[in-house]
S.K.: 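Dumping the structure here so I can ask a few things about it.
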Amino acid sequence: MTQGWVVVAGLGPGDDALVTPEVTAALAQATDVIGYIPYVARVAPRPGLTLHPTDNRVELDRAQHALDLAATGARVVIVSSGDPGVFAMASALFEALEARPDRHDTEIRILPGITAMLAAAARAGAPLGHDFCAINLSDNLKPFAEVERRLRHAARGGFAMAFYNPRSKSRPHQFGQVLEILRQECEPARLILFARAVSTPEERLTCVPLSEAQDSMADMRTVVIVGNEATRRVGRWIYTPRAVAP
């Protein structure tokens with residue numbers, strides 16, 4: 001039996017024009033596509049391709065399924081939005097692989113994509129032009145106390161910050177706590193960009209000072225970028241200078 005393979009691919013932030021040719025080629029060769037329902041829906045059906053859409057929070061199940069299919073000779077693509085290595089399926093696949101010594105010889109490739117923070121930053125200008133960090137605000141896989149600890153250290157360290165998963169129906173109040181922490185650690189004029197559904201027809205960008213930021217400005221389709229103390233406006237753009245003042 002021919003050994004199959006597993007590819008973990010990033011579909012980018014939404015616009016098909018931002019899917020890389022490498023990912024498009026892998027999808028054209030695939031026999032099976034696995035992923036969260038809205039991401040699999042972005043893959044066009046065709047003869048010889050089986051789509052396996054699944055609900056949220058079953059990442060390890062998806063990864064196990066992909067490894068098992070590859071063992072039967074299938075060519076499997078696990079799809080993520082953005083980049084699969086940023087709070088997405090690449091790490092879940094290796095977590096599943098670690099527990100499966102019988103699958104350690106599986107051919108695996110990780111194909112990068114344009115993640116939401118980079119698409120949002122490009123739309124706004126260059127708010128991530130100097131040192132920055134990305135923080136997942138969800139407490140599904142870590143306690144909120146750890147979110148708070150990392151947030152305070154990043155703010156005190158002078159980083160620009162990109163926030164993923166800021167506010168959901170199951171976590172409606174936590175982003176308000178995040179804004180309060182920022183107000184404790186940062187000056188009121190610090191710029192915050194709310195970038196919703198970037199590269200889709202529903203795209204909306206809003207940039208306000210921290211003093212005017214409201215938790216209702218974010219949802220699960222929003223990436224939030226907080227500038228550092230030097231981030232500023234130039235015309236309709238915002239950017240963070242490359243140099244740090246002495």
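These numbers come from the heavy atoms of this one structure, side chains and all, not from hydrogens, waters or symmetry mates.
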S.K.: More than 12 foreign heavy atoms under 6.0 Å from CD of E98: is that the case here?
M.R.: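 Result for CD/E98: open.
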
S.K.: Taking the side chain as every heavy atom from C-beta outward, state whether V178 and P166 have any atom pair closer than 4.5 Å.
M.R.: no

S.K.: Which distance, rounded to the nearest 0.5 Å, do you find between the CD of Q174 and the CZ of F144?
M.R.: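 Going from the CD atom of Q174 to the CZ atom of F144 covers 5.0 Å.
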
S.K.: Is there a donor-acceptor contact under 3.5 Å linking the side chains of N140 and S138?
M.R.: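 Yes, S138 and N140 have a side-chain donor paired with an acceptor closer than 3.5 Å.
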
S.K.: Compare every heavy atom of N228 with every heavy atom of F159, then report the nearest pair and how far apart it is.
M.R.: C-CB, 4.1 Å

S.K.: Give, for atom CD of E59 and atom OG of S91, the distance between the pair rounded to the nearest 0.5 Å.
M.R.: 10.0 Å

S.K.: Specify the closest pair of heavy atoms between L210 and C186, including all atoms of both residues, with the distance to one decimal.
M.R.: CD2-CB, 4.0 Å

S.K.: Keeping the roles fixed (side chain from T24, backbone from T20), state whether a donor-acceptor pair exists under 3.5 Å.
M.R.: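 Answer holds: yes.
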
S.K.: Could you tell me whether the side chain of T31 and the main chain of R75 form a donor-acceptor pair under 3.5 Å?
M.R.: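 Yes.
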
S.K.: Does any non-hydrogen side-chain atom of M217 lie less than 4.5 Å from one of R167?
M.R.: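 Heavy-atom side-chain distance check fails, nothing below 4.5 Å.
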
S.K.: Is there a donor-acceptor contact under 3.5 Å from the side chain of E203 to the main chain of S199?
M.R.: yes

S.K.: Less than 4.0 angstrom from a charged side-chain N to a carboxylate O is my criterion; do E202 and R196 meet it?
M.R.: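 Salt bridge: no.
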
S.K.: Would you say I37 ends up clustered with F87 if hydrophobic residues are merged whenever their side chains have heavy atoms under 4.5 Å apart, either directly or through other cluster members?
M.R.: no

S.K.: Any side-chain heavy-atom pair from Q64 and R100 closer than 4.5 angstrom?
M.R.: yes

S.K.: For R242, is there an ion pair with D131 - N to carboxylate O distance below 4.0 angstrom?
M.R.: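 No, no charged N to carboxylate O under 4.0 Å.
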
S.K.: Would you give the length of the straight line joining atom OG1 of T200 to atom CG of D16, rounded to the nearest 0.5 angstrom?
M.R.: 11.5 Å

S.K.: If you take all heavy atoms of P209 and P188, which pair is closest and at what distance?
M.R.: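 For P209 and P188, the tightest heavy-atom pair comes out as CB-O, 3.7 Å.
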
S.K.: Side chains of L137 and Y164: closer than 4.5 Å at any heavy-atom pair?
M.R.: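 No, too far: nothing below the 4.5 Å cut-off.
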
S.K.: If you apply the rule salt bridge (charged side-chain N to carboxylate O under 4.0 Å, His left out), what do you find for D219 with R221, and how did you get there?
M.R.: CA-CA 5 Å; D219 63 11; R221 297 190 69 192; over 6 Å; no

S.K.: Over all heavy atoms of both residues, which pair between A26 and L111 is shortest? Give the atoms and the distance, please.
M.R.: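 Closest approach of A26 to L111: CB-CD1, 3.8 Å.
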
S.K.: Are any non-hydrogen side-chain atoms of R232 and I238 less than 4.5 angstrom apart?
M.R.: no

S.K.: Report the distance from atom CG of L179 to atom CD of Q214, rounding to the nearest 0.5 Å.
M.R.: 8.0 Å

S.K.: How close do P241 and A230 get, heavy atom to heavy atom, and via which atoms?
M.R.: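 Where P241 meets A230 most closely, the heavy atoms are CD-O, 3.5 Å.
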
S.K.: Do other residues, nucleotides or ligands put more than 12 heavy atoms under 6.0 Å from H104 NE2?
M.R.: yes

S.K.: Would you give the length of the straight line joining atom CH2 of W237 to atom CZ of R123, rounded to the nearest 0.5 angstrom?
M.R.: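 One gets 9.5 Å once the value is rounded to the nearest 0.5 Å.
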
S.K.: Inspect the surroundings of CD in E229 and state if more than 12 heavy atoms from other residues, nucleotides or ligands are less than 6.0 Å away.
M.R.: no

S.K.: Checking side-chain contact (heavy atoms from CB on, under 4.5 Å) between V76 and each of V8, L69, T106, D68, which is the one that passes?
M.R.: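 Going through V8, L69, T106, D68 one by one, the side-chain contact (heavy atoms from CB on, under 4.5 Å) with V76 is satisfied by L69 alone.
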
S.K.: To the closest 0.5 Å, what do you measure between CZ (R152) and CZ (R156)?
M.R.: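 R152 atom CZ to R156 atom CZ measures 6.0 Å (nearest 0.5 Å).
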
S.K.: Do other residues, nucleotides or ligands put more than 12 heavy atoms under 6.0 Å from R57 CZ?
M.R.: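 Count not over threshold, so no.
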
S.K.: Do I78 and V7 come within less than 4.5 Å of each other through their side chains, counting heavy atoms only?
M.R.: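 No. Closest side-chain heavy atoms not under 4.5 Å.
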
S.K.: Do R190 side-chain atoms and G227 backbone N/O form a donor-acceptor pair below 3.5 Å?
M.R.: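 A pair under 3.5 Å: yes.
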
S.K.: Checking side-chain contact (heavy atoms from CB on, under 4.5 Å) between V79 and each of L51, V23, I34, V33, which is the one that passes?
M.R.: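 Going through L51, V23, I34, V33 one by one, the side-chain contact (heavy atoms from CB on, under 4.5 Å) with V79 is satisfied by V33 alone.
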
S.K.: Any side-chain heavy atom of N165 sitting closer than 4.5 Å to one from F175?
M.R.: no

S.K.: According to a 4.5 Å side-chain heavy-atom criterion applied to Ile, Leu, Val, Met, Phe, Trp and Tyr, with indirect links allowed, do F194 and V226 form part of one hydrophobic cluster?
M.R.: yes

S.K.: Would you say that M89 contacts Y36 through its side chain, given a criterion of any heavy-atom pair below 4.5 Å between the two side chains?
M.R.: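 No, every pair of side-chain atoms sits at 4.5 Å or beyond.
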
S.K.: For the hydrophobic clusters of this structure (ILVMFWY residues joined by side-chain heavy atoms under 4.5 Å, transitively), does one cluster hold both L191 and I225?
M.R.: yes

S.K.: For side chain to side chain contact (heavy atoms under 4.5 Å, CB included), just list the numbers for I192 and L182, CA-CA rounded to whole Å, side-chain angles, deciding distance to a tenth of an Å, and then say yes or no.
M.R.: CA-CA 10 Å; I192 300 187; L182 290 175; 4.2 Å; yes

S.K.: Provide the closest heavy-atom pair for A120 versus L193 in the form atom of the first, atom of the second, distance.
M.R.: O-CD2, 4.0 Å

S.K.: Under the criterion side chain to side chain contact (heavy atoms under 4.5 Å, CB included), I'd like the reasoning laid out for H52 against D32: C-alpha separation, chi angles, the key distance, then a yes or no.
M.R.: CA-CA 7 Å; H52 305 269; D32 297 82; 2.8 Å; yes

S.K.: Please report the C-alpha distance between L49 and V43 in whole Å, then the side-chain angles of each, then the deciding distance to 0.1 Å, and finally whether the side chain to side chain contact (heavy atoms under 4.5 Å, CB included) criterion is met.
M.R.: CA-CA 10 Å; L49 177 65; V43 179; 4.1 Å; yes

S.K.: Taking F132 as the starting point, is it possible to reach I181 by hopping between hydrophobic residues whose side chains are less than 4.5 Å apart?
M.R.: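 Result: no, two separate clusters.
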
S.K.: Which residue, T222, L151, V147, forms the side-chain contact (heavy atoms from CB on, under 4.5 Å) with F163?
M.R.: L151

S.K.: What about L118 and V86, same hydrophobic cluster or not, with Ile/Leu/Val/Met/Phe/Trp/Tyr joined at side-chain heavy-atom distances under 4.5 Å?
M.R.: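 Same cluster: L118 reaches V86 through Ile, Leu, Val, Met, Phe, Trp or Tyr contacts under 4.5 Å.
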
